[in-house]
Amino acid sequence: MRLEITCDDRLGLAQDVLQILRDREIDLRGIEVDPKGKIFLNFPEMEFKEFQHLMPEIRRIPNVKDVKTVAFMPSEREHYEFSLLLNKLPDPVLSIDARGQIDIVNEAAHLLLSDTREPLSGTAIAHWISGFNVTRWLERQPTEPHTHQVTINGAKYFAELMPIWVAGEESNDSFAGAVLTCKPQPLSGQWQRGGQHDAFTQILGEHASMKRVINEARRVAELSVPLLITGETGVGKELLARACHQASQRVSQPFLAVNCAALPDNVAESELFGHGKGSLGPHTEAKKGIFEQANGGTVLLDAVGEMSNSLQAKLLRFIQDGKFRRIGEEQEVAVDVRIICSARDDLLERVDAGVFREDLYYRLNVLSLQLPPLRERKSDIHLLAEHFCLQACQRLGRSLVLLTRDCRDLLQRYQWPGNVRQLENVLFRSISMLEGDRLTASDIYLPETEALHENLAVDLEEGSLDEAVKKFEATILRRLYPSYPSTRQLAKKLGLSHTAVANKLREYGIGKQRKKPRAGTVSK
């Protein structure tokens, strides 16, 4: 039971109220005094008859104006408001004392740290977070906020630590601990090199293979020679191409992307190089092509391996001379564009099959970047999932959805044949259909994947076991070879000696010296 006593301020008034409770042997659970003239009491429920006598007795105390029952104490209301606000925050937030023990934790943090409902209060923060010694940081009694990358359940986060100082008497402040907020990606300017915008921060990845690709991309971004980006469908080739453009001196000029696989042969040449007035019909107007529109900027030729042979020849001539002719015109047009091409990992096989020009391949492959599939950098799945979850909630205009432990485990185990794009689409679909605010494994639909990749399947019905093993071995080497620039790196990946790998590549005809272009082909 809770009472609100309205009164005028008088020395000893609270003592008079407490004396009545003592005389009636009422166990007081709490008392709060509001400077605005209110006293709040919290005590156990009592019989109605006893309550009838208590109320008039309190009203007879001098300076008491009114007494009434209330549903809650002011501190209780503040506590529930605080809990509600804290649990509605999308980021994991927790407070720790000066010794590194957890005091308060919101739902997002509880879900991130533990998959059980057991209380986390009183446990050491060092038990849940690695990568940064929070306890040692607290021992220094810091006065400024600090941001550091940490690891929680195998996933990378950026922890923002804000020290808590409580004001005491005579301006003597006391250190009381810190508030820790976890974010799935760097949002603070201190994580951007030199305080400037880094075009590659939009590409999320903490795996060593992704860091290597991004570091290589930073070095080649400033160059104006052609760049070939290879990788499976959905790994983010266009995103990397855009980042290379944004990190170059051409950033203020256009970036235009063309999907070569989506353009019919009779349209592709006009789209890329343009056409003159009346060249495609009596009423057609002159049109600038993609290369002319992007003058000074960058053109991305996506799925370049699907380009027709005739268009390959014209593209090769343009790369060599920087000039081309629009359809139906004789005058040459000179433009300055950087060409970035993207292709699946089978571009070299298309060259071997004779459907893609070998001389054009070497023209485009002056610089190259190989993006690894998601299944080969599984440590990035948690980071990407958190990012796509936040992104989906923003697009759908809903509060942040939290990923449960079983959901994160499912995402981690899956092979992701569609790579990063499939992960993004799966999470968006699941969140758009979700009714609650927690995404569990049962809320996610994932198609079954084969235990073995299609390219690794072998037929044991024909030939001996030795032949089947060699075919299997050759398939693995053929898939891995384009991803490693030297046989030494490939040998290190496979745990074999350099000589053994070189012999196997030679035996299976992988990476062998190619024939020189036939006489009459364009080369330079």
Exercise. Could you go step by step and tell me if Asp103 and Ser95 meet the side-chain hydrogen bond (donor to acceptor under 3.5 Å, both in side chains) rule?
Worked result: CA-CA 5 Å; Asp103 282 333; Ser95 68; 4.5 Å; no
Indicate yes or no for a side-chain donor-acceptor contact from [X] to the backbone of [Y] under 3.5 Å, with no hydrogens or angles considered.
| X | Y | answer |
| --- | --- | --- |
| Arg421 | Gly236 | no |
| Arg375 | Pro417 | no |
| Glu222 | Arg219 | no |

Measure the [atom1]-[atom2] distance between [X] and [Y] for me, rounded to the nearest 0.5 Å.
| X | Y | atom1 | atom2 | value |
| --- | --- | --- | --- | --- |
| Leu301 | Cys260 | CG | SG | 4.5 Å |
| Cys389 | Ile431 | SG | CD1 | 3.5 Å |
| Arg60 | Ile20 | CZ | CD1 | 8.0 Å |
| Leu239 | Leu204 | CG | CG | 8.5 Å |

I'd like to check [X] versus [Y] (side-chain heavy atoms, cut-off strictly below 4.5 Å). Are they in contact?
| X | Y | answer |
| --- | --- | --- |
| Val235 | Leu374 | no |
| Cys407 | Ile444 | yes |
| Ile340 | Ile229 | yes |
| Arg405 | Asp409 | yes |
| Trp416 | Ile381 | yes |

Shortest non-hydrogen contact from [X] to [Y]?
| X | Y | value |
| --- | --- | --- |
| Phe51 | Thr69 | CZ-CG2, 3.5 Å |
| Asp8 | Leu13 | O-CD1, 3.6 Å |
| Ala303 | Asn259 | CB-OD1, 3.9 Å |
| Phe43 | Leu28 | CB-CA, 4.4 Å |
| Glu232 | Lys237 | O-NZ, 3.0 Å |
| Ala294 | Leu256 | CB-CD1, 3.8 Å |

Exercise. Salt bridge check: are Asp437 and Arg398 linked by an N-O gap of less than 4.0 Å?
Worked result: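 Here Asp437 does not pair with Arg398 in a salt bridge, since their nearest N and O are not under 4.0 Å apart.
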Exercise. Quick one: do Glu139 and Arg99 make a salt bridge, cutoff under 4.0 Å?
Worked result: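 Looking at Arg99 together with Glu139, the answer is no, because their closest N to O distance does not fall below 4.0 Å.
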Problem set entry | Among Val426, Asn419, Leu427, the one residue meeting side chain to side chain contact (heavy atoms under 4.5 Å, CB included) with Leu423 |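 Between Leu423 and the candidates, side chain to side chain contact (heavy atoms under 4.5 Å, CB included) is satisfied uniquely by Leu427.
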Problem set entry | From Glu206, Met210, Lys211, residue fulfilling side chain to side chain contact (heavy atoms under 4.5 Å, CB included) relative to Arg377 |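 Exactly one pass, corresponding to Met210.
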Exercise. Cation over ring, Arg2 on Phe40, under 6.0 Å and within 45°?
Worked result: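 Pair Arg2/Phe40 does not count as cation-pi.
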Tell me, yes or no, whether the heavy-atom count around [X] atom [atom1], taken from other residues, nucleotides or ligands under 6.0 Å, exceeds 12.
| X | atom1 | result |
| --- | --- | --- |
| Arg429 | CZ | no |
| Gln19 | CD | yes |
| Asp9 | CG | no |
| Tyr80 | OH | no |
| Arg22 | CZ | yes |
| Arg24 | CZ | yes |
| Arg59 | CZ | yes |

For this session: Mind telling me whether His245 and Phe255 have parallel, tilted or perpendicular rings, with 30° and 60° as the class edges?
Result: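 Phe255 vs His245 ring planes: tilted.
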Problem set entry | Audit row: Leu300, Ser342, side chain to side chain contact (heavy atoms under 4.5 Å, CB included) steps and yes/no | CA-CA 7 Å; Leu300 170 64; Ser342 67; 4.2 Å; yes
Problem set entry | Pairwise side chain to side chain donor-acceptor pair (under 3.5 Å) hits with a residue in residues 30-48, at least two apart |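 Pairs touching residues 30-48 that pass the test: Glu4-Lys38, Thr6-Lys38, Glu32-Ser75.
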When you compare the side chains of [X] and [Y], does any donor N or O come within less than 3.5 Å of an acceptor on the partner?
| X | Y | value |
| --- | --- | --- |
| Arg250 | Gln253 | no |
| Trp165 | Thr143 | no |
| Gln370 | Thr230 | yes |

Exercise. Does Arg413 have any salt bridge (charged side-chain N to carboxylate O under 4.0 Å, His left out) partners at least two apart in sequence or in another chain, and if so, which?
Worked result: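 For Arg413 there are no salt bridge (charged side-chain N to carboxylate O under 4.0 Å, His left out) partners, ignoring immediate neighbours.
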